[in-house]
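Beneath this line is the structure, given in structure tokens, with notes to follow.
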There are 2 protein chains.
Amino acid sequence: MVNGRRERKDAQRNLERVLQAAHELFAERGSDVTMEEVARRAGVGVGTIYRRFPSKEHLWAAVSHAACMDAQQCLYQATAQQHDPVGKLRALIMVQYRRSEEQSALLDMRPEAASESCANSSDQQQLYAALHAMLQEVIVEGQRRGTIRQGAPDVLAALCLELLNPRTFLHLRHIVGGSAEDCAEHAVQFVVAALSARG
Amino acid sequence: MVNGRRERKDAQRNLERVLQAAHELFAERGSDVTMEEVARRAGVGVGTIYRRFPSKEHLWAAVSHAACMDAQQCLYQATAQQHDPVGKLRALIMVQYRRSEEQSALLDMRPEAASESCANSSDQQQLYAALHAMLQEVIVEGQRRGTIRQGAPDVLAALCLELLNPRTFLHLRHIVGGSAEDCAEHAVQFVVAALSARG
DNA sequence: GCCAAAGTGGAATGTCGCGTCCGTTTTCCA
DNA sequence: TGGAAAACGGACGCGACATTCCACTTTGGC
């Protein structure tokens, strides 16, 4: 579409293939994937990738950005449909765990390790922050209603957040052996118990 | 000491220096440390390291082994001095968090990712397993006494375990801003609430 | 103090993955 | 259909590391 000329459709198709391939590989194995692997899976040459993305980090950022925006969107929607804090908590855990099943490496984020090359994009950190904020909001609301015990909301949210990490899901999955939903249910029980106001 | 001849004392000294340097660097930054960095910090040449350890993985394994054995020892001792489940839980968290302060990268283990080159040694997995077993034992005992709620002990232990990971500590530390003990106390409150039998 | 064995350091080598370059192929417009 | 422009792909260059090699140094036994 540049300079009055339509974008060539092979170029368009290849961009899609590259993004698709990169998404699949990154989601599964994180950023320690070779550019050549991505190219091979996409059925193109490495040069084609570099035409669109100046570096591996840029490709990672693009894939990560899309995945994180999507995840954030899903999390917002899921909580919006719930009206009590416990329901919102359950929704967050369910959604996060279901996504972890397919995209553990892409969603795995460690906010404290901000500088490790492209393994952690700022989008992941933003997703983490958004999730932390959502949890905190739920906790504050629960405290207002008296269903969630007192205590610094940011700290409680941080502890819950650890249990929402894809790694936790994988670990749990390994032990429980059941579906993502089964695992999520265990985590929900645990978190709810940890947060509930004492009887 | 081989072949009737004493081990040269420069060799012995250098081995100690290498292990010390490797421990410091690995503890801080994990296995993405250059052999040359280790050599430099130890004040030796890389050749000297390779004389003792056939590969970087072997060096990592040696350092990791020592750290994990030591950690396991500390955890056992700490729980042995406590006589009720909650006390044992508190002790485990306190000890683990204090160690995390210095050795987060060495103790950080992800049992589900067993094959990622040398970043995860089998010792780390064993430490993880031991910690999981200790938690499980504490939980079973608490359930017997009626102070800990019912539920699959392995699953409950797995969820607690996530909160004992050095990453969790670092994240919490960042938010709380206090000492390792402060962070541990928050985690203890959370875990105890999550596990307590309902009133 | 002498010397053979043990140990040392760091330059050289091999491997691997990122990113570039350019001859070839495809597409689009007229 | 012809040809210019855009896109392609994969061989190649390069830097970063792990590991090897060997001329040189230190040590322990005599």
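All values derive from a computational prediction rather than experimental measurement. Excluded from the calculations below are hydrogen atoms, water molecules and symmetry mates; all remaining heavy atoms, backbone and side chain alike, are included. Convention: sequence-line order gives letters A, B, ...; per-chain numbering from 1.
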Rounded off to whole Å, could you give me the [atom1]-to-[atom2] distance for the [X] and [N] pair?
| X | N | atom1 | atom2 | value |
| --- | --- | --- | --- | --- |
| A:Arg17 | D:dA7 | CZ | C1' | 14 Å |
| A:Arg5 | D:dA6 | CZ | P | 7 Å |
| B:Lys56 | C:dT15 | NZ | P | 18 Å |
| B:Glu37 | C:dG9 | CD | C1' | 18 Å |
| A:Met35 | D:dG9 | CE | P | 14 Å |

From C-beta outward on [X], which listed nucleotide comes closest to its side chain: [options]?
| X | options | result |
| --- | --- | --- |
| A:Tyr50 | D:dA6, D:dC17, C:dC18 | C:dC18 |
| B:Glu7 | D:dA18, C:dG7, C:dT27 | C:dG7 |
| A:Val44 | D:dA4, D:dG9, C:dC18 | D:dG9 |
| A:Arg8 | C:dT26, C:dC18, D:dC8 | C:dT26 |
| B:Val46 | D:dT20, C:dT27, C:dC18 | D:dT20 |

If only side-chain N and O atoms of B:Thr48 are considered, is one of them under 4.0 Å from the OP1 or OP2 phosphate oxygen of C:dG9?
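True: B:Thr48 side-chain N/O within range (under 4.0 Å) of C:dG9 OP1/OP2.
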For D:dT27, does either OP1 or OP2 sit under 4.0 Å from a side-chain N or O belonging to B:Arg6?
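Checking B:Arg6 against D:dT27: no side-chain N or O falls below 4.0 Å of OP1 or OP2.
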In this structure, are over 12 heavy atoms from other groups packed under 6.0 Å from B:Glu181 atom CD?
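Buried by this count: over 12 neighbours within 6.0 Å.
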Is it the case that more than 12 heavy atoms not belonging to A:Glu137 sit under 6.0 Å from its CD atom?
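12 or below, so no.
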Specify the residues of residues 9-16 of chain A, ordered by number, for which at least one heavy atom lies under 4.0 angstrom from an atom of DNA chain C.
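Per residue number, the list reads A:Lys9, A:Asp10.
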Using a cut-off of 4.0 Å on non-hydrogen atoms, how would the nucleic acid contact of B:Val33 be classed: base, sugar-phosphate, or nothing?
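If one applies the 4.0 Å heavy-atom cut-off, B:Val33 turns out to touch the sugar-phosphate alone, with no base involved.
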In terms of the nearest nucleotide of DNA chain D, which residue is placed more toward the 5' end: A:Glu36 or A:Arg51?
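Taking each residue's closest nucleotide, the earlier one in sequence belongs to A:Arg51.
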Does the side chain of B:Asn165 reach to within under 4.5 Å of the side chain of B:Leu161, using non-hydrogen atoms?
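No, their side chains stay 4.5 Å or more apart.
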May I ask you to decide if the ring planes of B:His171 and A:Tyr128 are parallel, tilted or perpendicular, using 30° and 60° as cut-offs?
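The rings of B:His171 and A:Tyr128 stand perpendicular, inter-plane angle above 60°.
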What is the ring orientation for A:Phe26 with A:Trp60, classed by angle as parallel under 30°, tilted 30 to 60°, or perpendicular over 60°?
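Perpendicular.
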Side chain to side chain donor-acceptor pair (under 3.5 Å) assessment of A:Gln20 paired with A:Glu24
CA-CA 6 Å; A:Gln20 173 69 19; A:Glu24 289 169 15; 2.6 Å; yes
With no hydrogens and no angle check, is any side-chain donor or acceptor of B:Ser196 less than 3.5 Å from a backbone partner on B:Val192?
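Yes: the side chain of B:Ser196 pairs with the backbone of B:Val192.
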